[in-house]
Amino acid sequence: MKFKAICENHLFSKAYAKGKRFVTPSLAVYLLPDYAADRLQKAHPLKIRVNRIGLTVSKKIGGAVERNRTKRIIREAYRRVITENAVRVGYLIVIAARERATKKKSDELVPELKLAFEKLGLLSQGTK
RNA sequence: UUACCGGGUGGCGCGAUCGCGCGGUAUGGCGCCGAAAGGUAUUACCGUGAGGAAAGUCCGGGCUUCAUAGGGGAGGAUAACGGAUAACGUCCGCCGGGGGCGACCCCAGGGAAAGUGCAACAGAGAUAUACCGCCGCCUUCGGGCGGUAAGGGUGGAAAGGCGAGGUAAGAGCUCACCGAAACCCGCGGUAACGCGGGCUUCCUGUAAACCCUAUCCGAAGCAACGCCUUCGGGAGAGCGGAGCGAUCCGCUACGGUUCCCGCCGGAAUCCCGAUGGCGGCAGAGGGCGCAAGCCCUCAAGCCGUUUGGUAACAAACGGCGCAGAUAGAUGACCGCGGCGCUGCAAGGCGCACAGAACCCGGCUUAUAAACCCGGUAACGAC
RNA sequence: GGCCCGUUGGUCAAGAGGCUAAGACAUCGCCCUCUCACGGCGAAAACAUGGGUUCGAUUCCCGUACGGGUCA
């Protein structure tokens with residue numbers, strides 16, 4: 001399951017400044033409606049609306065190995081959340097790792113991420 | 001057995017399920033994003049996918065650009081000698097010095113006898129000196145003048161050490177022995193150097209102070225650079241000569257491998273800047289094929305064997321010939337096994353340091369547990 | 001990814017081989033004042049780290065750690 005990544009710095013800044021925020025013990029999630037969603041939907045070969053997602057792991061977490069591993073675990077948790085639940089699309093999602101995330105297994109992050117998505121109103125009513 | 005010394009291997013393994021990057025084959029779309037260049041799916045299968053340090057960026061090389069011969073200066077690096085290497089500040093051997101009972105380890109290890117500078121405090125005096133002392137002379141008996149580096153004390157360093165002669169007292173002033181340094185001769189060694197002899201001299205330390213000597217070095221770096229795209233800006237100058245003229249020639253401003261000399265360019269239309277993109281970036285050559293691709297050969301490199309060499313290394317033969325991302329691909333989870341710690345046991349906990357970014361050769365630093373080889377000392381046994 | 005710098009009290013900083021390692025602000029104590037401020041006097045407090053050169057290193061050389069700048 002692929003997802004579109006955020007790489008521009010200004011989108012991160014917007015998400016931090018204007019987006020809705022929910023913080024769990026090991027993650028901080030920022031959500032902002034994606035103004036470019038319509039344009040991206042047209043660009044997509046299969047005409048699917050997608051969420052754009054950005055991962056932030058600061059140097060405070062550790063070296064390159066630790067940070068890569070943390071990003072992989074968060075990505076795995078995100079993948080499982082969106083396959084097990086129906087998630088509304090057309091948003092910018094920035095997930096920042098807090099210091100505890102390094103030691104977690106991906107099983108433990110799934111409920112956290114799901115809770116955050118629920119509180120932010122990302123989950124639609126119908127189950128998949 | 002205990003305590004060490006030197007070198008090397010290695011960097012947990014296997015199997016399910018889900019998932020990722022790249023390449024390929026099929027499937028599939030001809031749409032969409034973008035100003036353009038350019039980019040792009042879905043699904044299935046196959047192949048492939050991080051390190052010994054990928055790190056620090058401390059050296060060396062390839063590669064690329066700077067339109068350009070050469071010489072000099074400045075600046076930088078290195079420093080016994082011989083070799084290895086594409087090259088190195090690396091590696092090997094050897095010499096000298098220092099440390100260790102020893103295996104062995106450490107050393108920016110040229111020149112202080114070319115010149116300059118510096119040596120605080122202490123001390124009389126730091127490259128030159130007379131404070132105390134010793135000796136001679138004078139004396140108003142307080143001391144003064146002269147000689148003296150043997151003795152005292154200071155210091156990291158005080159005119160080589162010690163004995164005899166010598167002297168008023170002393171002094172390499174003279175002599176014997178010892179020590180050090182330069183030079184010459186002989187022997188050994190490719191050489192640094194070592195040993196022996198001769199002669200001369202007795203000279204503080206510091207060059208990781210300036211400096212001198214020898215050798216080497218152009219500068220920048222893949223964010224280099226090349227091409228494409230769209231846009232913006234600038235320069236196409238002056239003088240003299242030839243020619244009816246287009247134009248040509250010379251000089252100058254100016255520009256350039258950054259300073260100087262010299263040389264080149266002095267307008268081929270060229271230069272500068274911005275925007276985004278592709279290449280550089282995954283070796284080279286050949287064959288087949290419309291193409292995608294497939295096959296063959298060879299290099300760099302890696303592994304093994306043999307030969308040469310004390311060794312670094314070289315040569316021959318055989319095999320392999322291997323990641324290419326762009327918010328940055330190897331993960332998650334489960335089971336079985338391995339090793340270590342803990343525990344009577346069941347079990348529990350842990351398995352390091354750490355992530356390629358143009359590519360190589362080194363150095364330095366980080367690194368859990370385990371294994372292998374060679375050697376030393378002490379003790380014990382035979 | 002490349003290149004280039006820096007590190008001295010709590011903070012800003014001078015010192016560039018030897019002296020008690022300046023100075024300012026901040027802190028603390030005393031004086032001044034009815035009290036506070038200002039002012040005066042005094043105190044405490046530092047050379048990032050491991051080696052090397054040197055008689056002697058904060059300074060010179062090498063390594064390490066940390067921090068910063070710059071190039072699209």
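Bear in mind that the values here come from a model prediction, so they are computed numbers and not experimental data. Proteins come first, then strands; the chains are lettered A, B, ... in the order of their sequence lines, and each starts at number 1.
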Contact list (N/O, under 3.5 angstrom) for nucleotides 352-355 of chain B vs protein:
{"residue": "B:rG355", "atom": "OP2", "partner": "A:Ala64", "partner atom": "N", "Å": "3.4"}
{"residue": "B:rG355", "atom": "N7", "partner": "A:Asn68", "partner atom": "ND2", "Å": "3.3"}
{"residue": "B:rG355", "atom": "O6", "partner": "A:Arg72", "partner atom": "NH1", "Å": "3.3"}

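- Between the CD1 atom of A:Ile73 and the P atom of B:rG331 there is a distance of 11 Å, rounded to whole Å.
- A:Ile82 has its CD1 atom 12 Å from the P atom of B:rG19, to the nearest Å.
- C:rU8 and C:rG15 have their P atoms separated by 14 Å, given to the nearest Å.
- In this entry the distance linking CG of A:Leu109 with C1' of B:rC333 reads 13 Å, nearest Å.
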Full working for side-chain contact (heavy atoms from CB on, under 4.5 Å) between A:Phe117 and A:Val29: CA-CA 8 Å; A:Phe117 280 14; A:Val29 181; 4.2 Å; yes
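- Comparing B:rA300 with B:rC360, their C1' atoms are spaced 9 Å from each other, to the whole Å.
- One C1' atom belongs to B:rC248, the other to B:rC259, and the distance between them is 37 Å to the nearest Å.
- Shown here, B:rU85 forms no base pair; nothing in the strands shown gives a Watson-Crick or G-U wobble contact with both key distances under 3.5 Å.
- Figure legend. B:rG340 is base-paired to B:rC349; pairs are counted as Watson-Crick or G-U wobble with both atom distances under 3.5 Å.
- The partner of C:rA16 cannot be assigned: no Watson-Crick or G-U wobble pair with both contacts below 3.5 Å exists in any strand.
- A gap of 36 Å separates the C1' atoms of B:rC217 and B:rA323, to the nearest Å.
- Distance noted for atom P between B:rG283 and B:rG321: 14 Å (whole Å).
- We find the OH-CG distance between A:Tyr91 and A:Leu32 to be 10.0 Å, quoted to the nearest 0.5 Å.
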Worked check of side-chain contact (heavy atoms from CB on, under 4.5 Å) between A:Val57 and A:Asn68: CA-CA 9 Å; A:Val57 183; A:Asn68 276 342; over 6 Å; no
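- Summarising the geometry, the separation between CZ on A:Arg75 and C1' on B:rG19 is reported as 11 Å, rounded to the nearest angstrom.
- In C:rG6 the O4'-C1'-N dihedral to the base is more than 90° from 0, which defines an anti nucleotide.
- Nucleotide B:rG28 has no partner under the Watson-Crick or G-U criteria, as no pair reaches both atom distances under 3.5 Å.
- Applying the 90° criterion around 0 to the glycosidic angle, B:rG172 comes out syn.
- Here, B:rU42 and B:rU65 have their P atoms 39 Å apart, quoted to the whole Å.
- Against the 90° criterion about 0, the sugar-base torsion of B:rG52 places it in the syn range.
- Of the nucleotides present, C:rA48 is the one that pairs with C:rU64 by Watson-Crick or G-U wobble criteria, both distances under 3.5 Å.
- With rounding to whole Å, A:Ile74 atom CD1 is found 16 Å from B:rG328 atom C1'.
- Spacing between atom CD of A:Glu76 and atom P of B:rC20 amounts to 10 Å, rounded to whole angstrom units.
- Residue-environment remark: CZ (A:Arg21) stays at or below the threshold of 12 foreign heavy atoms within 6.0 Å.
- Separating the OH atom in A:Tyr30 from the CG atom in A:Leu120 is a distance of 11.5 Å, to the nearest 0.5 Å.
- Against the 90° criterion about 0, the sugar-base torsion of B:rA368 places it in the anti range.
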side-chain contact (heavy atoms from CB on, under 4.5 Å) between A:Arg75 and A:Lys71, worked out: CA-CA 6 Å; A:Arg75 210 175 287 141; A:Lys71 275 194 273 187; 4.2 Å; yes
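- When Watson-Crick and G-U wobble pairs are counted only if both distances are under 3.5 Å, B:rC251 pairs with B:rG238.
- In this entry B:rC195 has B:rG186 as its Watson-Crick or G-U wobble partner, both defining distances falling under 3.5 Å.
- Nucleotides B:rA299 and B:rG72 are separated by 43 Å at their P atoms, to the nearest Å.
- When both distances must be under 3.5 Å, the Watson-Crick or G-U wobble mate of B:rC320 is B:rG301.
- For the pair A:Ile93 CD1 and B:rA327 C1', the computed distance is 16 Å after rounding to whole Å.
- Cluster annotation: A:Leu31 and A:Val23 are assigned to distinct hydrophobic clusters (Ile/Leu/Val/Met/Phe/Trp/Tyr, side-chain heavy-atom contacts under 4.5 Å, transitive).
- Here the side chains of A:Leu92 and A:Pro33 are not in contact, with every heavy-atom distance at 4.5 Å or above.
- Atom C1' of nucleotide B:rC333 and atom CZ of A:Arg80 are separated by 8 Å, given to the nearest angstrom.
- A distance of about 27 Å separates the P atoms of B:rA282 and B:rG289, rounded to the whole Å.
- Results of the side-chain contact (heavy atoms from CB on, under 4.5 Å) test with A:Tyr78 over A:Leu109, A:Leu113, A:Ile73 single out A:Leu113 as the only residue that passes.
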